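The next block holds one structure in the form of C-alpha cells; read it before the comments.
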Amino acid sequence: MAAAGSWRAARCLRGKLWLPRLTPVRWSRYSRNYLEPEIDKKRHQIPTTDLSKEEKAAMELKAVQPIKAAPNDKTSSVFSDPMINKFTNMMMMGGQKLLSRSIMSKTFESIKRKQIESYHKSSESEKDAIECNPHKIFHQALENCKPVIGLISVQRGGKSYQVPTPLKDNRRRYLAMNWLITECRENRHRRTHMHEKLSQELLAAFKNEGNVVKRKHDLHKMAEANRAFAHYRWW
C-alpha cells in the first residue's frame, strides 16, 4: 500500500493526476460521445430529399446520441450579429455586459431617430440617399474607420524605427473598434451620455468624417512619411 501511495504521489507531482474510474477529458464536461450542437436554423429547414447519404446518417445519429449544450455567446436569432457582439464585448468594463448591451441598443435607437428625422425633413430627391438602418450604418462606419497600413517598431543599429507595414483584417478591425470606444470615452462632455456620443461618432464615420477617420488618415500620413524605412521589415 505504501508503494502504491508513493507511486500516485509521484504521478501527481509530475503533473499527471491519477483519477480512478474516470475518463480524462480535457477542458470539457462532455465525453467524446456527445455531438456538437447545430445552431444555424437554415440547416434544419433543408428538406430531407435534398440531403446526401452522409447528412441523412448524421441526422439519424443526432436522434439517438446526446448533444452538447449550445454556448452562451451562440444564438440562432436572425438579429444576432457577430461584429456587434464583438464591439459590445470590447466596450464592456468590469463584466457589466447588460450595461454594454443597453448602450448599444440605445445607440441604434438614437441613430434611427436621427436618420428618420433627417429623412422627413429632406426633399424627395434626397430621401433615397439617406440610410435609416442602424446596423448598415454601424458596419459602414466601422469599415470607414479601418486603417490599411500601420506602423511597427523595429530596432536596427541601436535605434528604433517606425516601419510601415500592411495590417491583417483582425488588426484593422481591432484598431477601428478601439479608436471608436476610446474617442467616445475620453473626448465626450461630462453631461453627454455614452450612447449619444457613440451615435454621433458612428454617423460621422458613416459620412467619412469625425475624429476617428481623421486618426486613420493621420496614421496613413505617418506611414507615408516613414516609407524610407520600409526595407527594415525584411533586413
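Treat the numbers as computed from the prediction; the structure is a model and nothing was measured.
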- Residues two or more places apart in sequence or in another chain: which of them pass ring pair (Phe, Tyr, Trp, His ring centres under 6.0 Å) with H135? F108
- Item | Which residues share a ring pair (Phe, Tyr, Trp, His ring centres under 6.0 Å) with H193, sequence neighbours left out | H195
With a 4.5 Å limit on heavy-atom distance, are the side chains of [X] and [Y] in contact?
X    : Y    : value
H220 : V148 : yes
V213 : E209 : no
F87  : L198 : yes
I84  : F138 : yes

Check side chain to side chain contact (heavy atoms under 4.5 Å, CB included) between [X] and all other residues, then give those that pass, not counting sequence neighbours.
X    : value
D128 : none
N85  : S80
Q200 : K114, K197
S153 : S160, Q162

Roughly how far, to the nearest 0.5 Å, is [atom2] of [Y] from [atom1] of [X]?
X    : Y    : atom1 : atom2 : answer
Q155 : Y232 : CD    : OH    : 12.0 Å
L219 : E224 : CG    : CD    : 12.0 Å
K214 : D218 : NZ    : CG    : 4.0 Å
N133 : H139 : CG    : NE2   : 9.0 Å

- Sequence neighbours excluded, the answer for side-chain hydrogen bond (donor to acceptor under 3.5 Å, both in side chains) partners of S123 is S125
- Pairing residues for E117 by the side-chain hydrogen bond (donor to acceptor under 3.5 Å, both in side chains) criterion, not counting sequence neighbours: K121
- Message: Checking M177 against M83 for the side chain to side chain contact (heavy atoms under 4.5 Å, CB included) test, could you report, in this order, the C-alpha distance in whole Å, the side-chain angles of both residues, the deciding distance, and whether it holds?
- Response: CA-CA 10 Å; M177 291 184 178; M83 198 67 66; 3.5 Å; yes
- Task: Sorted by first residue and then second, give each ring pair (Phe, Tyr, Trp, His ring centres under 6.0 Å) pair with at least one member in residues 110-133; sequence neighbours left out.
- Result: none
- Task: Considering non-hydrogen atoms only, spot the tightest contact between N144 and A205 and give its length.
- Result: ND2-O, 2.9 Å
- Nearest heavy-atom neighbours spanning I130 and S122: CD1-OG, 3.4 Å
Listed pairs under 3.5 Å, donor-acceptor, residues 93-104 side chains, sequence neighbours left out:
residue, atom, partner, partner atom, Å
K97, NZ, N89, OD1, 3.1
S100, OG, T88, O, 2.8
S102, OG, L98, O, 3.3
S102, OG, L99, O, 2.6

- Query: Should the heavy atoms of other residues, nucleotides or ligands under 6.0 Å from NZ of K136 be counted, would the total exceed 12?
  - Reply: no
Pairs of donor and acceptor atoms involving the side chains of residues 54-63, under 3.5 Å and at least two apart or interchain, shall be tabulated with distances.
residue, atom, partner, partner atom, Å
E55, OE1, S52, N, 3.3

Scan the side chains in residues 163-175 for donor-acceptor partners under 3.5 Å anywhere in the protein, sequence neighbours excluded, and list what turns up.
residue, atom, partner, partner atom, Å
N170, OD1, R173, NH2, 3.2
R172, NE, P147, O, 2.8

- Task: Evaluate the side chain to side chain contact (heavy atoms under 4.5 Å, CB included) criterion for residues L142 and L180: first the C-alpha distance (whole Å), next the side-chain angles of each, then the deciding distance (0.1 Å), finally the verdict.
- Result: CA-CA 9 Å; L142 195 65; L180 280 170; 4.0 Å; yes
- Do the side chain of E131 and the main chain of I137 share a donor and acceptor less than 3.5 angstrom apart? no
